[in-house]
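Structure first, commentary second.
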Amino acid sequence: MLQAFWVIDSALIILAFIVGVFLYKWISDKKVGDASERARQILAAAERDAESQRRAADVTAKELALKAREDFDTEVRRREREVQQIEQRAQAKDDQLGRKLDEIDRRLTAHTGKERVLADRDVALGQKESRLAQALDEQRRKLEVIAGLTAEEAKRQLLSQMEADARREATLLQMKLEEQARETAHEKAKEVLATTIQRLAPDYTVETSVSVVDLPSDDMKGRIIGREGRNIRALELHTGVDLIVDDTPEAVLISAYDPYRREIARRSLQKLLADGRIHPARIEEVVEKVKKEMEQHLKEEGEKACFEVGVHGLHPELVKLVGRMKFRTSYGQNCLQHSKEVAWLAGMMAAEIKADVKLAKRMGLLHDIGKALTHEQEGSHPELSLQVLTKYNESAEVINAALSGHENVEPLTVEAVLTEAADGISAARPGARRDVLESYIKRLAKLEEIAMSYRGVEMCYAIQAGRELRVLTKADIISDFDAHQLAKDITKRIEAEMQYPGHIKVIVIRETRAVEVAK
């Protein structure tokens, strides 16, 4: 029975397998058929799309071809118009050239006729010149006979007269140009100087040779004098000043022409008074201590002056020399105050004319630096300025400014000229310097002596404290042109033979008087 079941099961399995195979084939055939149908549909749709795109491309190609045809026709028509315009211009130029050629032909014909006329005139002119030369020779011979002069002598006289006239006209022109330039420069200079001087208003003081030391009481005078005058003698010995103890209440006078020594003596005496111990040994000790303190004081004064003026970068030794100028004077004028004043004036004038302000201030502060050196150094103060400025590597412009106005050295820069002018302004203003009466009188006498030494000078007067020299001339000897030259000659001689602060104006006066007596 089991065998029967196994046969049945095998038959069922085979039957199921056969049914599955047929079913799979049927399904596969069905799927293939569906896929073929879809493929035919897709192919038909693709053919329809391709046909529509081909038709659209044909339409686009036809439109592009039509547009290209139209553009080509437009370009052809434009080129044709351009060619026509070029042909018209060429035709117009041909016509114009033809007219010009006709005009040239007419001118050539006229020119040929004029040349024939000119040739005839040249022949006639040559004949006339020949006759004129003969007539001139005849006239010259007759004039020589009448005048008693040959042609060469007459020519020399004429040239001499013409030369004199030319010189006179040249002198007149020179005087006119100089006067115009002088007026213009004078007005501009007055404007710059007035503006500068108005801006600068420092206190002006003339240094004296005496310092006053206040005492707490008159009893201190005895202690200052000491037993048998030993204290006052020690103080005068170590400081080099004269100590004046008189009836002035509660004051002692220190007299010395050297402000540096006078300042040391003043400071030493103040320290002694404050300390209360006054005897020769203490005096010597205090004086030496004050001398060392003065070196630092000189440096501080120099730095203060440089800061006030606005000059920087100086060598430390130059700064110390600048401070030492506080204790130097020139004709009673403090050298440091004068140098600062010159620096300020030169800087402001440089600013007015757009020059180098810093360089002008540096020149003004250092222009008299040689005066700060002691008498132990040999040479004049310009020579000492040259040595010290060269030693401490100052520029050639600053050295030139220190020498200009001295030793016949001409200023090489605008700033040097401004420094020289500022120096003159500071030194020449009234009250700036104290002059000895004897030297003042000698200078006035020398001015008048120089003026009177020239021929044709009748009288002369030195006025305005020797700042102006007026010269009266004889009209029958000195002409207007000679007066102009005489003023220059006197000025040059004063510059060469005299030394003076500031400037001296020379005025030559010529007066013509016509006198008749009615009878």
Side-chain angles (χ1 to χ4, degrees), residues 43-137 139 155 158-159 162-163 165-189 191-192 350-357 412-415:
L43 182 60
E47 289 178 353
R48 288 193 300 272
D49 290 341
E51 181 64 21
S52 61
Q53 289 179 2
R54 183 182 62 78
R55 292 176 180 176
D58 291 341
V59 172
T60 303
K62 289 179 180 179
E63 290 176 353
L64 292 175
L66 182 60
K67 188 175 183 304
R69 180 70 178 181
E70 291 177 353
D71 293 341
F72 177 74
D73 293 341
T74 302
E75 181 68 19
V76 169
R77 287 193 295 270
R78 187 181 65 79
R79 295 288 181 89
E80 288 177 352
R81 286 195 299 272
E82 290 180 355
V83 170
Q84 290 176 357
Q85 292 174 357
I86 293 172
E87 290 177 350
Q88 291 174 357
R89 288 197 296 270
Q91 185 63 36
K93 288 185 178 180
D94 289 341
D95 296 341
Q96 186 177 4
L97 288 175
R99 289 193 296 271
K100 288 184 177 180
L101 288 174
D102 295 339
E103 181 66 22
I104 290 172
D105 290 338
R106 287 195 297 273
R107 290 185 180 181
L108 286 174
T109 303
H111 183 66
T112 303
K114 288 180 180 180
E115 284 184 346
R116 287 196 297 269
V117 173
L118 289 175
D120 296 339
R121 287 184 180 180
D122 286 340
V123 174
L125 184 59
Q127 296 174 355
K128 289 181 180 180
E129 286 180 350
S130 178
R131 291 195 297 270
L132 180 60
Q134 294 175 1
L136 287 175
D137 292 338
Q139 185 179 13
K155 185 186 295 183
L158 180 60
L159 289 175
M162 291 176 64
E163 183 179 359
D165 293 341
R167 286 181 178 177
R168 180 176 179 277
E169 292 178 1
T171 304
L172 287 173
L173 180 59
Q174 179 186 1
M175 291 174 60
K176 181 179 179 181
L177 293 176
E178 287 181 357
E179 186 64 25
Q180 291 176 351
R182 191 180 298 111
E183 289 178 0
T184 304
H186 188 62
E187 291 299 324
K188 181 61 177 176
E191 179 184 350
V192 172
E352 291 290 334
I353 64 173
K354 303 297 186 291
D356 192 336
V357 176
L412 301 179
T413 60
V414 174
E415 291 78 11

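In this chain, residues are counted from 1 in sequence order. Basis for what follows: all heavy atoms, side chains included, without hydrogens, waters or symmetry-related copies.
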Please step through salt bridge (charged side-chain N to carboxylate O under 4.0 Å, His left out) for the pair R77 and E80, ending with a clear verdict. CA-CA 5 Å; R77 287 193 295 270; E80 288 177 352; over 6 Å; no
Taking T112 for its side chain and L108 for its backbone only, find out whether a donor-acceptor pair lies under 3.5 Å. yes
Go through the steps to decide whether D58 and K62 satisfy the test salt bridge (charged side-chain N to carboxylate O under 4.0 Å, His left out), and finish with yes or no. CA-CA 6 Å; D58 291 341; K62 289 179 180 179; over 6 Å; no
Considering only NZ, NE, NH1 and NH2 on the basic side and carboxylate oxygens on the acidic side, decide whether D71 and K67 come within less than 4.0 Å. yes
In short, salt bridge (Lys or Arg N to Asp or Glu O under 4.0 Å) pairs touching residues 108-132 with sequence neighbours left out are none
Shortest non-hydrogen contact from V357 to A350? CA-CB, 4.0 Å
Taking the side chain as everything from C-beta on, heavy atoms only, tell me whether R48 gets closer than 4.5 Å to E51. no
Take atom CZ in R69; do more than 12 heavy atoms of anything else shown fall under 6.0 Å from it? no
Within this structure, what is the CD-CG distance for the pair Q127 and L132, rounded to the nearest 0.5 Å? 13.5 Å
Could you note down all residue pairs passing salt bridge (Lys or Arg N to Asp or Glu O under 4.0 Å) where residues 89-103 supplies at least one of them, sequence neighbours left out? E103-R106, E103-R107
Only one of R79, Q85, R78 forms a side-chain hydrogen bond (donor to acceptor under 3.5 Å, both in side chains) with E82, so which one is it? R78
